[in-house]
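Each chain gets a letter, A, B and so on, in the order its sequence line appears, and its residues count up from 1. Quick caveat: nothing in here was measured; it's all calculated off a predicted structure.
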Amino acid sequence: MPGKKKIGMVVSILLVGGALGYLALGNFGENVVYFFTPSEVKAFTTDYYQKKVRVGGMVVEGSMETYPDRLGLTFQLTDGEATIPVTFEGIPPDLFKEGQGAVVEGYWTGEHRFESNLIMAKHSEDYMPIELKRAGVELPRKDFMKSLVE
Amino acid sequence: MIACHGIGKTYGHFQVLRDVNLAIAEGECFALFGPNGSGKTTLLKVLATLERPSTGHFEILGMHGLKDKEAIRANLMFLAHGTHLYDELNARENLAFALALRGHHPTDRDVKRALDRVTIGAFADMKVRHYSAGMKKRLALAKTMLANPKILLLDEPFTALDTAGTEILREYVRERLSDNGTVLLSTHDYDKTRPIASRAGILRHGALQETAIEELQSDDLV
Amino acid sequence: MTNLYIRWGGVCVVAIVLIVLTYNHYRDNLANLAPRQVKQEAPAGDIRVLGMVQGGTLETHGAGEATFTLLGESASLQVQYEGPPPDNLRELKILILIGRWNAATQVFEARDIGIVPNYGFIAGAYLLGLLPLALLLFAMNRRVNFLYDEIKTSKLYEEE
Amino acid sequence: MTIHRVIRKVQRFEGWFGGGAVLCLVAGLYLGLIGSPPDYYQGEVVRIMYIHVPLAHTSLLGYTVLAVGSLWYLWKRDPIVDNMCQAVAALSAVFTALALGTGMIWGKPTWDTWWTWDARLTSFTVLLLILIGYLMLRTFVDDPEKEARYGAILAIVGFVDLPIIHFSVEWWRTLHQPQSISMRGVSISSGLLVPLLFMSVGMSLLFSYMLMVRTQLLYLDRLLHAKKGRLLSQFHLSKFDS
Amino acid sequence: MTSFNVIRWIVWKDFVTELRSRETISSMVFFALIVILIFSFSFSMDQQAAREVIAGIMWVAFAFTGIIGLGKSFSTELQNDCLEALQMVPEAKGAIYLGKVAANFAFMFLVEILLFPMFVILFNLEVVEEISLLLLVFFLATVGLSAIGTLFSALTVQIRAREVMLPILLLPLVVPVMIAAVEATKGALNGDPLAMYEQWLELLVIYDVVFTVVSFWMFEFVMDS
């Protein structure tokens with residue numbers, strides 16, 4: 001009986017450890033659709049139209065335009081391969097700006113425009129003093145899309 | 001065979017049992033007297049492996065009370081204050097369930113004989129919900145009879161039992177003793193216990209004092 | 001018990017020294033003006049003005065030059081910026097401008113852009129983070145001392 | 001009872017932990033508040049990081065200690081380990097609450113909201129709820145043995161649950177910046193990193209020191225009550241015998 | 001195979017008791033109906049809005065009815081101190097745990113199946129296509145809830161303030177189940193492509209495996225000093 005118990009314990013530890021390990025390390029994180037990339041959005045079938053989805057990408061430099069009369073803006077979101085236009089209603093978060101990453105939530109319309117009502121700006125995890133930044137120092141940057149996922 | 005070595009038990013800031021040493025041999029019936037709140041039930045629960053003692057250890061049938069609990073349980077029945085019966089099941093189902101958990105599967109004839117012996121055979125198919133307290137006690141006794149354990153712990157067994165029921169219980173205890181069983185019972189009732197008990201002790205504020213049963217006076221037991 | 005109070009007295013002294021040092025270090029940055037004050041009082045010399053960049057007014061000319069309107073609560077300023085390439089200049093953002101007010105042209109000539117320092121938040125965070133810990137530790141220290149005393153005086157102690 | 005001896009040995013160095021904590025924290029505070037430059041993007045507000053991040057790290061460390069201690073207790077049933085578990089749970093709860101509080105204060109100027117149902121905020125809230133549940137559970141049991149056992153069970157189950165909670169809320173929604181210090185490298189420049197390290201070390205030392213003090217407190221409390229209880233029983237007995 | 005016998009007898013006992021008293025399931029169903037009623041008062045919903053929040057409402061109702069059932073599962077063992085008898089079973093306690101989990105799962109799943117048509121009718125949902133996926137979600141989430149819920153039901157039944165402590169301890173621990181169940185249910189009800197929510201099904205499976213195993217071992221310490 002104690003031998004049986006020991007085997008049971010080892011099997012249990014393997015099961016729990018395996019499941020948790022699969023969750024943490026396995027390729028599970030990669031096929032998680034936490035957000036789509038612009039190239040995936042472009043390839044959407046009609047199934048996905050008008051479904052609330054999240055898209056993550058980099059705001060294209062110089063693409064941001066504000067409306068003079070009401071709150072809201074339009075910009076382009078890119079993942080390096082494809083670029084989609086996004087319209088947004090509301091006040092953007094303080095950290096939102098061109099050249100930074102952002103995750104937007106909203107609907108992909110049939111007219112190939114992304115209508116968003118929520119921007120989640122990521123303030124990047126890079127911290128450095130302003131003098132260094134002006135001197136053009138870049139910290140060892142990670143892969144951009146990867147830094148969004150984690 | 002039961003042996004306690006310095007058993008103590010604390011609930012919060014209150015010490016219920018203090019340094020209880022006790023040895024009961026095979027074929028012996030030990031009667032535990034003591035006023036309410038003196039720790040009788042706690043001692044029985046500790047020995048029934050239901051509660052872990054705060055200090056000390058004990059052996060039952062030579063098996064360590066904290067390490068070989070499962071083996072001890074297979075050889076021990078605890079007739080507690082609660083009767084361990086399910087109200088929605090009838091007598092037969094209750095017996096079948098309780099014994100199946102202990103690994104016994106008594107035949108219908110055995111069940112009928114046990115129920116007849118405690119004189120509730122006529123109510124075998126009635127829900128326990130409709131039983132009286134004495135009938136429940138008898139059914140619990142029938143369960144014990146079917147399990148037929150080496151060690152028997154009885155917590156105030158005479159409450160709710162009438163004269164006939166008391167006699168059935170005492171008869172069963174004698175039978176166990178002659179079969180080399182060990183019985184430990186807690187009680188307030190000196191007269192009902194006197195005929196079966198071979199030794200006795202008084203618990204006071206958690207401390208056990210062993211006395212010869214003949215020397216006990218009933219006003220000792222208040 | 002006295003040992004305990006001496007130790008905690010030391011901690012308090014260190015804390016006070018730190019607070020004073022920090023306050024001195026930031027005293028200069030604490031004063032900001034609103035656009036309305038600038039227009040009314042027209043102060044001379046370097047000043048710090050706090051306001052929001054109005055939507056649709058930002059025009060950049062080259063790397064380090066820009067013009068825009070700074071929106072205050074009841075007034076707005078024309079701003080001309082000349083300085084290092086601004087990182088934090090964007091529309092609908094609240095900023096601090098460092099520069100001088102040109103009363104003649106009614107244009108604010110900014111030479112640096114700072115982010116709203118939010119010292120209140122920083123002080124709040126540090127107080128919230130450290131004060132409860134210190135109080136809790138102090139209470140626990142006192143209680144431990146008290147328990148030792150209690151066990152000694154009530155002669156309860158014996159080696160277990 | 002080897003753990004007893006280890007604990008006694010570590011307790012002897014209690015003062016070193018306390019002193020080290022004060023030194024590191026003072027150095028960290030000086031560097032963080034005065035000696036370090038503001039961030040290029042967040043400005044001065046980045047200084048909140050020096051207090052927020054160490055608090056959060058330390059509370060997670062505390063939860064790990066709690067889980068390991070609980071396993072140990074279930075295995076060896078040593079009451080002083082249980083005292084340590086109870087102490088570490090209370091301290092972890094305080095540190096978690098403070099981490100959430102300072103995080104909220106950091107969130108207001110950067111995200112422009114005190115509270116958002118972001119992943120890490122949510123999982124820390126759940127962590128706090130589990131710890132509060134643990135502390136509540138312990139007050140509702142009369143038997144100290146049961147109290148310790150049930151507490152240990154809850155702590156272990158909660159600890160196993162922690163990564164799953166983390167991942168589930170992470171996928172559910174996330175806004176919080178990724179960790180700056182990870183296996184893939186450090187993305188904080190040194191001027192900002194040094195005070196953070198000082199504060200982290202100081203906070204861990206402070207936590208260890210507080211843990212020792214609190215464990216001692218609970219142990220002495222138990223000792224005092226046990227002795228008092230024994231005296232009480234003795235008193236009853238003597239009254240009975242006379 | 002004595003432990004298998006123990007499982008079978010525990011399930012049998014719970015079912016017979018429930019069939020005769022009908023306490024647990026009727027109170028669960030009734031409570032859930034009240035929850036539905038109250039939610040329908042507090043939201044005035046068109047079909048589009050309903051789709052956004054209905055999954056959340058559904059799982060709030062299921063979780064709370066589940067807690068009622070779980071609480072009952074061991075508090076019925078308190079009458080006549082039957083819990084003591086379970087504690088004194090010579091077999092390893094894991095068998096009792098599995099039996100109780102099976103019984104609790106059956107009750108909760110049955111109630112969910114009974115209630116689901118109510119949601120469909122009262123909130124005008126269209127579900128015909130996705131019904132098998134929905135059932136899978138219900139199944140996985142209910143396994144998770146009953147696996148960990150049974151452990152804590154057995155734990156809280158032995159302490160003071162047990163009715164309060166069960167939800168207080170249980171709900172933070174089942175956060176992953178609730179999130180995953182709500183997201184997956186929402187996906188299935190919306191008719192989203194499976195790729196958009198299959199991760200949640202995987203998370204449910206992982207949770208079920210981990211907590212069945214962990215609770216199985218921990219149950220020994222709950223029942224046994």
Side-chain angles (χ1 to χ4, degrees), chain D residues 63 67 70-77 82 89 93 96 117 119 121-174, chain E residues 87 141 144 147-152 154-184 186 196-200 202-225:
Chain D
Y63 206 101
S70 298
L71 267 179
W72 189 289
Y73 176 79
L74 284 187
W75 184 30
K76 293 282 188 193
R77 306 294 176 115
D82 177 56
T96 313
W117 288 104
L121 275 74
T122 311
S123 51
F124 259 77
T125 313
V126 176
L127 172 65
L128 183 62
L129 288 179
I130 294 176
L131 286 171
I132 291 175
Y134 176 92
L135 294 171
M136 274 177 83
L137 171 68
R138 295 194 64 125
T139 62
F140 283 125
V141 193
D142 299 319
D143 183 356
E145 188 271 322
K146 267 189 182 175
E147 180 189 327
R149 183 153 46 94
Y150 292 169
I153 291 165
L154 176 61
I156 292 169
V157 172
F159 187 71
V160 177
D161 207 0
L162 223 50
I164 306 184
I165 293 174
H166 171 81
F167 281 107
S168 65
V169 292
E170 190 94 342
W171 299 340
W172 184 43
R173 48 187 45 178
T174 201
Chain E
Q87 284 171 320
I148 194 162
T150 304
L151 178 76
F152 280 95
L155 195 153
T156 49
V157 81
Q158 304 181 53
I159 67 175
R160 279 181 282 138
R162 65 181 79 93
E163 296 86 358
V164 191
M165 282 315 283
L166 179 60
I168 285 180
L169 298 182
L170 192 56
L171 288 176
L173 293 173
V174 296
V175 161
V177 178
M178 293 304 286
I179 291 178
V182 168
E183 293 294 319
K186 200 191 280 176
M196 279 175 74
Y197 60 89
E198 97 200 304
Q199 44 164 340
W200 298 115
E202 284 185 51
L203 186 80
L204 283 175
V205 173
I206 289 179
Y207 190 94
D208 292 353
V209 170
V210 168
F211 281 100
T212 313
V213 172
V214 170
S215 306
F216 177 86
W217 290 106
M218 285 296 136
F219 193 75
E220 199 117 331
F221 294 106
V222 170
M223 294 293 274
D224 219 349
S225 53

Shortest non-hydrogen contact between D:L129 and E:P172, atoms and distance
CB-CG, 3.9 Å
Max heavy-atom pair count under 4.5 Å with chain D, selected residue of E:I179, E:T156, E:V210
E:I179
So, taking the atom named OG in E:S215 and the one named CD1 in D:I153, what distance separates them when rounded to the nearest 0.5 Å?
10.0 Å
Between atom CG of E:L204 and atom OG of D:S168, what is the distance when rounded to the nearest 0.5 Å?
10.0 Å
Test item: E:Q158 and D:Y150 side chains (from C-beta on) under 4.5 Å apart, heavy atoms:
yes
With only heavy atoms counted, which part of E:L151 is less than 4.5 Å from chain D, the side chain, the backbone, both or neither?
side chain
Side chain, backbone, both or neither of E:M165 within contact of chain D (heavy atoms, under 4.5 Å)
side chain
So do the side chains of E:F211 and D:I164 get within less than 4.5 Å of each other, counting heavy atoms only?
yes
Max heavy-atom pairs within cutoff under 4.5 Å with chain E, candidates D:E147, D:M136, D:H166, goes to D:M136
Let me know if D:I156 has heavy atoms under 4.5 Å from chain E in its side chain, its backbone, both or neither.
side chain
Any non-hydrogen side-chain atom of E:M218 less than 4.5 Å from a side-chain atom of D:L74?
yes
Begin with the C-alpha distance, continue with both residues' side-chain angles, and end with the deciding distance and a verdict on side chain to side chain contact (heavy atoms under 4.5 Å, CB included) for E:V174 and D:D161.
CA-CA 9 Å; E:V174 296; D:D161 207 0; over 6 Å; no
Atom CD1 in E:I159, atom CZ in D:R138: separation rounded to 0.5 Å?
12.0 Å
For the interface with chain D, which of E:V214, E:V175, E:V222, E:I168 has the highest count of heavy-atom pairs at distances below 4.5 Å?
E:V222
Between the main-chain N or O of D:D142 and the side-chain N or O of E:R160, is there a donor-acceptor pair closer than 3.5 Å?
no
Using 0.5 Å steps for rounding, measure from the OH atom of E:Y207 to the CD1 atom of D:I165.
7.5 Å
Top contributor to chain D interface from E:L169, E:L155, E:V177 [non-hydrogen pairs under 4.5 Å]:
E:L155
